[in-house]
Structure formats: structure tokens, C-alpha cells
Amino acid sequence: MNRREFLKRAACISGTALVGGQEGFAAEAQPDAERYGVLVDTTFCIGCRRCEWACNEWNKNPNRPLKDFEDKGVFQTIRRTHAATFTVVNRFKNPADGTPIYVKKQCMHCESPGCLSACFVDAFKKTEKGAVLYNPDVCVGCRYCMVACPFDIPAYEYDKPLTPRVTKCTFCFDRISREDKVPACVEICPTETLRFGKREELINLAHERIRNNPRRYVDHVYGEHEVGGTSWLYLSSAPFEQIGLRTDLGKKPIPDTSKGFLFMTKVFEVIAVWPLVFAAFYALSKMKERKDTPATSSDKKKNDKHGKPT
Ligand code: SF4
Ligand code: SF4
Ligand code: SF4
């Protein structure tokens, strides 16, 4: 490959990255009435953590016996999801009466996902069922998705340097799409804290519960409008900021609010970083070319039959 051809290919790849980035920020489809969701009614949750066990089990993540999940010691700290832990339950204190409130945390499967818009190789997609899925085959490991997620969900397999993946809750897509089952965490929940169904129906159910028990609930369905809406929805007896859910996110989808920053990051990367990468590749390709070029007759004269210089 000569220098001109090399630079042409580099420019083509850079251009694709920029154009791809702009397309990635295009407005997402409006919430679809047919999509699924889960309503998490935190007023029912007893903190048994069976959902954590079932999630590990179904996703073949490292697991321990179910009995170990009765350990309440984990509630001393507020935990987040990790590469091999797609969901965690945290404990908060109701400021009104000091009673515990347990809150399950996992990917919210946003209607307009920040992770999806930040990814310039389209490693994420929002399916018709509502699940936001990740494709490790196209991921380049830039981890923009981790920065863009407003709920701090995507994790990275730092312990697998050769084949690292971004990981997060899959909404048990294999169960809800192919096996016609509810997610594993929903199935095992003994208190019906978790209710799986059509998102629109769950929103109606949530408002009905608030109407019927106005003293039990804060008058808000978390996820109905936050960041453009999420597939996982929450009900609570305490203000949502008191139970670990951000209330400063607004109703606009994250792609709308972050596109300026993320697009400029990509521009910077293409202008400042990629030329260095291409220069390194170019130098390597030239070295390889030199190595692969057949020896000329004058070179041959200089080498003996074993290839050693004479
Ligand atoms: S919660 Fe985060 S990881 Fe999940 S869909 Fe939304 S932006 Fe993506
Ligand atoms: S939906 Fe599936 S992957 Fe997501 S938290 Fe529940 S069990 Fe885990
Ligand atoms: S299984 Fe249900 S009740 Fe138990 S911690 Fe999970 S959400 Fe709460």
C-alpha cells in the first residue's frame, strides 16, 4: 500500500466515524405502546435479594447458593452493578418514619438510550420488545456508553484484557422474546414487587395504585417521562432522590442533551488522536513492506545461500 492509498483509507474511516456519530444522535423513535416494561413497586420489596440470585443464575454469572443472599450485611453500603452482576438491591431509610426501603437497580432500558446514541459503531440497539441490547462483536471498547448512561449501568470486563465486553442487564431478552417467559428476576420475586407487562399498561396500573392509595405513594411514576421515558418504572413511598434515583435528569432524552459534548469529543478524537494511530499503523505497514519485499539481485549478491550477509 503506498502512502496516498493509505491516507485515502484513513480519511475514509475518519469521515465514516464523524458521519456515523452525527447519525447516532438522530432523534429516537417515540415510546411504542407495544413495548414491554417492568413496574418496580418498592413499597412491596422485602430486600430478600432473590432477584439478584436468579439474575446471576439465568445469565450464567458467578453465583453463590441462594441462602447466601439472605446476608443483610451488604446493605451497609450502596452498591452498583458490575461486570458479572447485572442487578443489585440497595437499602434506603424512609425519611418520614425511618423504615427501610429496598430498591432494585439494573439497566432501565431507556426509550432513547444514551448508551446507544454515544456508540459510534452501533453496538447497542433498542428492540421492538423494549430491551436495549449490546453486541460485543462490533464493540471497539471506547466505553463512551459508560460515560453517556445517566444511571451508571454499563460495566466493563477489565479482568479480561483479551476479550473484554461491556455488560449490563439484558431484560432477559432470550426469555421474553423466544421462550415467552417473564424475566428471571420477575419470576422469582415472592412479593410481586416486580410486574412485567406492556409499558403503557404498567403506567396505567401505577397511576391507579397511586389514586387508590394516595397516602402510600409519592404521586409520581419514575421512568414515565425521565430522560424521555424508560422501560423499567418505579413507585415509592419516599421522594425518589431519597431512594437513589436521580431527579435532576429532566424529561429530554439524553441523546438531545449530550450530543454537543459527545460530538465534539468525537471530532477531537478524529482530528487529534486518530492521525497518531494511523501514523503508527503506517509506520508498521512500511516496516512490514520492507520485510516482505523480495531481495533484489544486488541484495542477493550480498547474501550467501543461507540468507546471511556475505
Ligand atoms: S440505563 Fe444506561 S445502559 Fe441502560 S438503556 Fe439507559 S443509557 Fe443504556
Ligand atoms: S431482566 Fe434478566 S438480566 Fe435484567 S436484572 Fe432481571 S434477571 Fe437480570
Ligand atoms: S426478589 Fe422481589 S422482594 Fe426480593 S429483593 Fe428482589 S425485588 Fe425485592
Side-chain angles (χ1 to χ4, degrees), residues 28 35-61 63 66 69-72 74-75 80-82 84-91 100-119 123-127 129-134 143-156 166-177 179 181-196 223 226-232 234-235 245-246 249 253-255 257-258 262:
E28 302 292 330
R35 285 180 185 159
Y36 288 103
V38 171
L39 175 62
V40 184
D41 189 334
T42 61
T43 67
F44 292 160
C45 184
I46 55 174
C48 68
R49 298 174 59 218
R50 283 170 165 258
C51 47
E52 292 184 22
W53 177 85
C55 180
N56 290 341
E57 201 70 6
W58 182 257
N59 291 290
K60 299 188 172 54
N61 285 336
N63 211 359
L66 183 56
F69 285 77
E70 291 170 13
D71 172 22
K72 297 278 190 269
V74 295
F75 293 132
R80 60 152 296 172
T81 52
H82 284 290
T85 308
F86 300 167
T87 187
V88 291
V89 178
N90 284 314
R91 184 176 65 191
I101 300 177
Y102 297 99
V103 183
K104 181 182 181 300
K105 179 183 173 112
Q106 72 297 302
C107 172
M108 300 287 278
H109 296 277
C110 306
E111 295 294 326
S112 299
C115 57
L116 181 153
S117 294
C119 179
F124 290 87
K125 71 170 178 186
K126 175 83 176 169
T127 66
K129 299 266 183 196
V132 176
L133 299 182
Y134 160 78
R143 282 160 282 157
Y144 282 153
C145 52
M146 295 171 71
V147 178
C149 174
F151 301 105
D152 278 342
I153 292 299
Y156 194 66
V166 170
T167 64
K168 68 172 198 69
C169 155
T170 61
F171 210 159
C172 284
F173 187 69
D174 41 0
R175 290 173 66 99
I176 66 173
S177 60
E179 302 196 17
K181 288 179 177 170
V182 301
C185 54
V186 174
E187 186 175 77
I188 202 169
C189 179
T191 60
E192 295 189 23
T193 298
L194 309 174
R195 176 83 164 252
F196 175 78
E226 276 76 9
V227 292
T230 58
S231 297
W232 284 61
Y234 286 76
L235 284 175
L245 287 165
R246 288 181 62 181
L249 295 172
I254 287 296
T257 49
S258 66
L262 286 168

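Computed from a prediction, not measured in an experiment: that's the story for all the values here. Every number for a ligand or one of its atoms is a count from 1 in the order of the listing.
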Report, as yes or no, whether the 6.0 Å neighbourhood of atom NZ on K125 holds more than 12 heavy atoms from other residues, nucleotides or ligands.
-> no
Between K126 (side chain) and H109 (backbone), is there a donor-acceptor pair under 3.5 Å?
-> yes
For [atom], the protein heavy atom that lies nearest, with its residue and separation:
atom                    : value
atom 4 (Fe) of ligand 3 : C48 SG, 2.3 Å
atom 8 (Fe) of ligand 2 : C55 SG, 2.3 Å
atom 2 (Fe) of ligand 2 : C172 SG, 2.3 Å
atom 5 (S) of ligand 2  : K104 NZ, 3.4 Å
atom 3 (S) of ligand 3  : T191 OG1, 3.3 Å
atom 6 (Fe) of ligand 2 : C185 SG, 2.3 Å

Atoms of ligand 1 less than 4.0 Å from [X] heavy atoms?
X    : value
P154 : 3 (S)
F151 : 1 (S)
K168 : 3 (S)

Indicate whether the side chain of K104 and that of T87 have a donor and an acceptor atom separated by less than 3.5 Å.
-> yes
Passes side chain to side chain contact (heavy atoms under 4.5 Å, CB included), V74 versus R49? Steps please.
-> CA-CA 10 Å; V74 295; R49 298 174 59 218; 3.5 Å; yes
Between E52 and ligand 3, find which residue part has any heavy-atom pair under 4.0 Å and reply side chain, backbone, both or neither.
-> neither
Where on P190 is there a heavy atom closer than 4.0 Å to ligand 3, on the side chain, on the backbone, on both, or on neither?
-> side chain
Is T87 touching ligand 2 with its side chain, its backbone, both, or neither, if touching means heavy atoms under 4.0 Å apart?
-> side chain
Taking heavy atoms and a distance under 4.0 Å, where does N59 meet ligand 2: side chain, backbone, both or neither?
-> side chain
With F86, which of I153, T167, T81 fulfils side-chain contact (heavy atoms from CB on, under 4.5 Å)?
-> T167
Check whether any side-chain heavy atom of I188 sits under 4.5 Å from a side-chain heavy atom of W58, and report yes or no.
-> no
Near R49, which atoms of ligand 3 are under 4.0 Å from a heavy atom of that residue?
-> 4 (Fe), 5 (S)
Under 4.0 Å from one or more heavy atoms of G47, ligand 3 contributes atoms 5 (S)
4.0 Å heavy-atom contact, I46 with ligand 3 | yes
Is there an N/O/S atom in C145 that lies less than 2.8 Å from atom 8 (Fe) of ligand 1?
-> no
Give a yes or no on whether C110 keeps an N, O or S atom under 2.8 Å from atom 6 (Fe) of ligand 1.
-> yes
Would you please determine whether F171 falls within less than 4.0 Å of ligand 2 on a heavy-atom basis?
-> yes
